[in-house]
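All figures in this text were calculated on a predicted structure; none of them were measured in a lab.
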Amino acid sequence: EAGLAEEEPPALKRLARRLGLTTVKLLWSHEPQLCRAIRDKRKARFNRQAAKELLAALGSSDMPPPTLETIAAQVNTSSVTLRRTFPEEVTAIKARRSSIQDVAELRRSMAAFLEVEPPVSCSEISRRLGIKMHHLRQHCPEVRQALIERFALYRHSCARERQRQEREAVRQAVASIHERGQFPTKSKVAAVLGKSRRMILTASEREAFSAMMQELGLWQR
């Protein structure tokens with residue numbers, strides 16, 4: 001009753017929140033007549049042309065637009081009515097809200113990842129910042145490229161280190177088998193390394209095996 005008495009009655013959704021209710025359906029189930037009266041009063045005060053002009057202005061403004069619920073309250077209607085009556089304008093508003101508003105801040109956030117150790121991929125940066133990948137490409141192409149190159153170098157370095165460790169493990173395995181008085185074979189080395197799937201060594205590991213066998217004098221060049 002107090003809401004209905006206001007010159008500009010609040011939306012039923014907002015009124016429900018004031019009363020601590022979780023859904024508008026509870027208002028309708030208990031006070032359908034009052035709800036209908038509030039809806040009709042708001043509809044009578046709804047200026048369609050003014051609402052359309054406001055939506056168009058907000059959609060093309062350089063400033064971030066408010067939420068659809070806030071806009072609906074300004075023109076004495078509901079967000080549902082706005083979506084239903086002005087689908088194109090509402091779509092523009094949503095697009096503006098979802099776009100990156102502060103490009104400078106995004107670039108600063110992106111640049112900070114140039115100092116992160118270990119380097120991370122752009123997809124991981126996108127996830128951490130909650131930003132879509134196409135925003136990174138659109139607003140920060142230079143920083144993004146630098147991050148891509150840094151991460152590529154890091155992955156290459158990791159691959160080289162992994163190969164070095166694998167080769168060293170092969171060398172130690174060959175030496176261990178030889179010290180036990182056995183003739184080292186690739187299958188024995190693979191077993192020492194815990195290899196499965198037919199005990200196959202990688203190309204890098206086979207090179208290390210050959211080099212170690214030659215060092216021990218077990219193979220001739």
Side-chain angles (χ1 to χ4, degrees), residues 58-71 88-178 184-216 219 221:
L58 291 173
S60 60
S61 172
D62 293 333
M63 298 297 294
T67 64
L68 199 58
E69 288 73 16
T70 300
I71 299 171
E88 294 182 3
E89 288 80 359
V90 168
T91 298
I93 291 290
K94 289 183 177 180
R96 291 286 296 126
R97 284 185 58 81
S98 63
S99 64
I100 301 300
Q101 303 301 327
D102 192 344
V103 176
E105 179 59 31
L106 174 62
R107 287 174 178 166
R108 284 193 293 270
S109 298
M110 288 280 289
F113 281 96
L114 290 170
E115 306 298 328
V116 170
E117 294 292 347
V120 295
S121 66
C122 282
S123 60
E124 175 61 16
I125 294 172
S126 172
R127 187 192 67 80
R128 293 188 187 184
L129 295 180
I131 301 297
K132 294 181 179 180
M133 288 289 287
H134 74 268
H135 287 311
L136 304 186
R137 290 192 295 269
Q138 178 182 357
H139 298 290
C140 312
E142 299 88 357
V143 179
R144 174 179 171 273
Q145 185 60 37
L147 288 166
I148 290 174
E149 293 174 0
R150 184 171 184 260
F151 185 65
L153 288 174
Y154 168 69
R155 291 191 63 183
H156 181 67
S157 175
C158 288
R160 288 176 62 87
E161 175 59 20
R162 185 166 56 251
Q163 283 191 351
R164 187 196 67 78
Q165 293 177 359
E166 289 173 350
R167 292 172 66 91
E168 182 59 28
V170 168
R171 292 176 60 85
Q172 292 180 5
V174 172
S176 174
I177 294 170
H178 182 61
T185 64
K186 292 178 182 177
S187 61
K188 289 179 181 179
V189 170
V192 171
L193 297 177
K195 293 277 186 177
S196 58
R197 299 182 62 182
R198 300 182 182 179
M199 305 298 184
I200 297 177
L201 298 178
T202 65
S204 176
E205 290 171 334
R206 290 196 298 272
E207 291 178 1
F209 174 82
S210 299
M212 189 61 180
M213 292 292 283
Q214 291 169 2
E215 286 184 24
L216 293 175
W219 279 4
R221 292 183 179 273

Let me confirm one number: the CD-CG distance from Glu166 to Leu193, rounded to the nearest 0.5 Å. 9.0 Å
Between Val143 and Ala111, what is the shortest heavy-atom contact and its length? CG1-N, 3.8 Å
Audit row: Arg171, Glu215, side chain to side chain contact (heavy atoms under 4.5 Å, CB included) steps and yes/no: CA-CA 10 Å; Arg171 292 176 60 85; Glu215 286 184 24; 2.9 Å; yes
Between the side chains of Ser123 and Ser121, does any donor sit under 3.5 Å from an acceptor? yes
Which pairs count as salt bridge (Lys or Arg N to Asp or Glu O under 4.0 Å) when at least one residue sits in residues 133-149, sequence neighbours excluded? none
Distance from Glu207 atom CD to Ser204 atom OG, nearest 0.5 Å? 6.0 Å
Exceeds 12 heavy-atom contacts within 6.0 angstrom, atom NE2 of His156: no
Check for a donor-acceptor pair, side chain of Arg107 on one end and backbone N or O of His139 on the other, with a separation under 3.5 Å. yes
Tell me the closest heavy-atom pair linking Ile177 and Pro184, and the distance in Å. CG2-CA, 3.8 Å
Look at Glu115 together with Arg150 and state whether they make a salt bridge at an N to O cut-off of under 4.0 Å. no
For Phe209 and Val174, the nearest pair of non-hydrogen atoms, with its separation, is CD1-CG2, 3.6 Å
Report yes if the side chains of Met212 and Val189 come closer than 4.5 Å at any heavy-atom pair, otherwise no. no
Working to the nearest 0.5 Å, report the span between CD1 of Ile125 and CG of Leu114. 7.5 Å
Check against side chain to side chain contact (heavy atoms under 4.5 Å, CB included), Leu136 and Met133: CA-CA 5 Å; Leu136 304 186; Met133 288 289 287; 4.1 Å; yes
Under the salt bridge (Lys or Arg N to Asp or Glu O under 4.0 Å) rule, collect the residues that match up with Arg127, sequence neighbours excluded. Glu124
Mark yes or no for whether Ser210, through its side chain, and Arg206, through its backbone, hold a donor-acceptor pair below 3.5 Å. yes
For Leu106 and Leu129: C-alpha separation, side-chain torsions, deciding distance, then whether side chain to side chain contact (heavy atoms under 4.5 Å, CB included) applies. CA-CA 9 Å; Leu106 174 62; Leu129 295 180; 4.2 Å; yes
The residue among Arg162, Glu168, Glu161 that forms side-chain hydrogen bond (donor to acceptor under 3.5 Å, both in side chains) with Gln165 is Glu161
